[in-house]
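Keep in mind that the numbers below use all heavy atoms, side chains included, and drop hydrogens, waters and symmetry copies.
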Amino acid sequence: MTQAWQQYRSAPVLGTRLVRHDELAVGSTHSLTLQGEKGSFPLLLVRLGDALLGYVNACPHQYLPLDQRGPRILSQDGEVLRCTNHDATFSTRTGEGTGGLGVGCALDPVPVSIDADGWVVVGDDA
């Protein structure tokens with residue numbers, strides 16, 4: 001996994017608690033804006049079955065939030081994320097652009113895991 005997300009000035013530190021895992025419905029997305037000393041960081045969580053994925057919530061086309069114009073960004077089968085601004089599409093599992101203005105681009109993945117207390121946290125190993 002690339003670490004491009006850490007290049008954002010407002011990137012959260014590893015171990016930052018985000019939301020309780022049991023609050024994330026299977027087949028859903030959850031958008032968060034983390035506030036820190038260096039500004040806000042847009043984060044998108046996706047829960048697909050047993051998979052939990054995190055991405056910077058910024059379409060690489062114009063760096064606008066994927067869900068800026070509404071929360072319906074996940075395809076019915078859960079395999080595609082769609083930017084509501086210009087219909088760029090991305091693979092949910094890899095972040096790679098799959099259609100429209102997303103082709104040739106990719107979302108920046110953010111590693112997330114579940115800690116011993118059931119919280120989703122930033123980082124691979126809680």
Side-chain angles (χ1 to χ4, degrees):
M1 173 180 293
T2 68
Q3 301 302 316
W5 69 276
Q6 290 180 313
Q7 302 304 311
Y8 287 77
R9 182 175 63 88
S10 58
V13 298
L14 295 173
T16 299
R17 282 187 166 182
L18 304 172
V19 64
R20 294 203 44 84
H21 183 251
D22 58 10
E23 294 176 16
L24 301 175
V26 174
S28 71
T29 61
H30 186 78
S31 179
L32 299 150
T33 301
L34 306 175
Q35 299 297 329
E37 292 178 15
K38 296 182 180 179
S40 60
F41 184 84
L43 182 64
L44 181 68
L45 299 174
V46 184
R47 184 170 178 200
L48 300 177
D50 291 338
L52 179 61
L53 305 150
Y55 293 103
V56 175
N57 189 9
C59 179
H61 172 239
Q62 289 188 331
Y63 293 95
L64 297 170
L66 294 175
D67 57 350
Q68 183 175 8
R69 294 185 178 196
R72 295 183 50 151
I73 61 173
L74 187 63
S75 65
Q76 191 168 11
D77 66 3
E79 296 301 318
V80 177
L81 289 167
R82 181 185 64 85
C83 176
T84 59
N85 293 291
H86 298 103
D87 289 327
T89 57
F90 304 89
S91 166
T92 302
R93 296 186 188 274
T94 67
E96 293 296 320
T98 58
L101 296 169
V103 173
C105 298
L107 300 174
D108 290 329
V110 177
V112 292
S113 59
I114 304 163
D115 72 10
D117 294 324
W119 284 86
V120 176
V121 296
V122 175
D124 290 323
D125 297 311

Pairwise side-chain contact, [X] with [Y], heavy-atom cut-off 4.5 Å (strictly under):
X: Phe41; Y: Val56; result: yes
X: Cys83; Y: Ile73; result: no
X: Leu81; Y: Leu74; result: yes
X: His21; Y: Leu52; result: yes
X: Val122; Y: Trp5; result: yes

Minimum heavy-atom distance between [X] and [Y], given as atom pair plus value:
X: Ala25; Y: Arg47; answer: O-CB, 3.7 Å
X: Asp124; Y: Ser113; answer: O-CB, 3.3 Å
X: Arg82; Y: Arg72; answer: NH2-O, 3.4 Å
X: Leu18; Y: Val121; answer: CD1-C, 4.2 Å
X: Pro60; Y: Cys105; answer: CG-CB, 3.5 Å
X: Gly78; Y: Leu48; answer: O-CD1, 3.3 Å

Mark yes or no for whether [X], through its side chain, and [Y], through its backbone, hold a donor-acceptor pair below 3.5 Å.
X: Arg20; Y: Asp117; value: yes
X: Thr89; Y: Gly99; value: yes
X: Asp67; Y: Thr84; value: no

_Please tell me whether Ser91 and Thr98 have a donor and an acceptor in their side chains that are separated by less than 3.5 angstrom._
no

Look at the side-chain heavy atoms of Ile, Leu, Val, Met, Phe, Trp and Tyr, link any pair under 4.5 Å apart, and say whether [X] and [Y] land in one connected group.
X: Leu34; Y: Leu64; value: no
X: Val112; Y: Ile114; value: yes
X: Leu32; Y: Leu14; value: yes

How long is the straight-line distance from [atom2] of [Y] back to [atom1] of [X], given to the nearest 0.5 Å?
X: Phe90; Y: Leu101; atom1: CZ; atom2: CG; answer: 8.5 Å
X: Leu107; Y: Thr92; atom1: CG; atom2: OG1; answer: 9.0 Å
X: Glu23; Y: Leu45; atom1: CD; atom2: CG; answer: 11.5 Å
X: Asn57; Y: Thr33; atom1: CG; atom2: OG1; answer: 7.5 Å
X: Tyr63; Y: Asp108; atom1: OH; atom2: CG; answer: 6.5 Å

*Among residues two or more places apart or on two chains, list those pairs meeting side chain to side chain donor-acceptor pair (under 3.5 Å) that have a residue in residues 35-44.*
none

_Determine whether Val19 and His30 satisfy the following criterion, side chain to side chain contact (heavy atoms under 4.5 Å, CB included), listing intermediate values before the conclusion._
CA-CA 9 Å; Val19 64; His30 186 78; 4.2 Å; yes

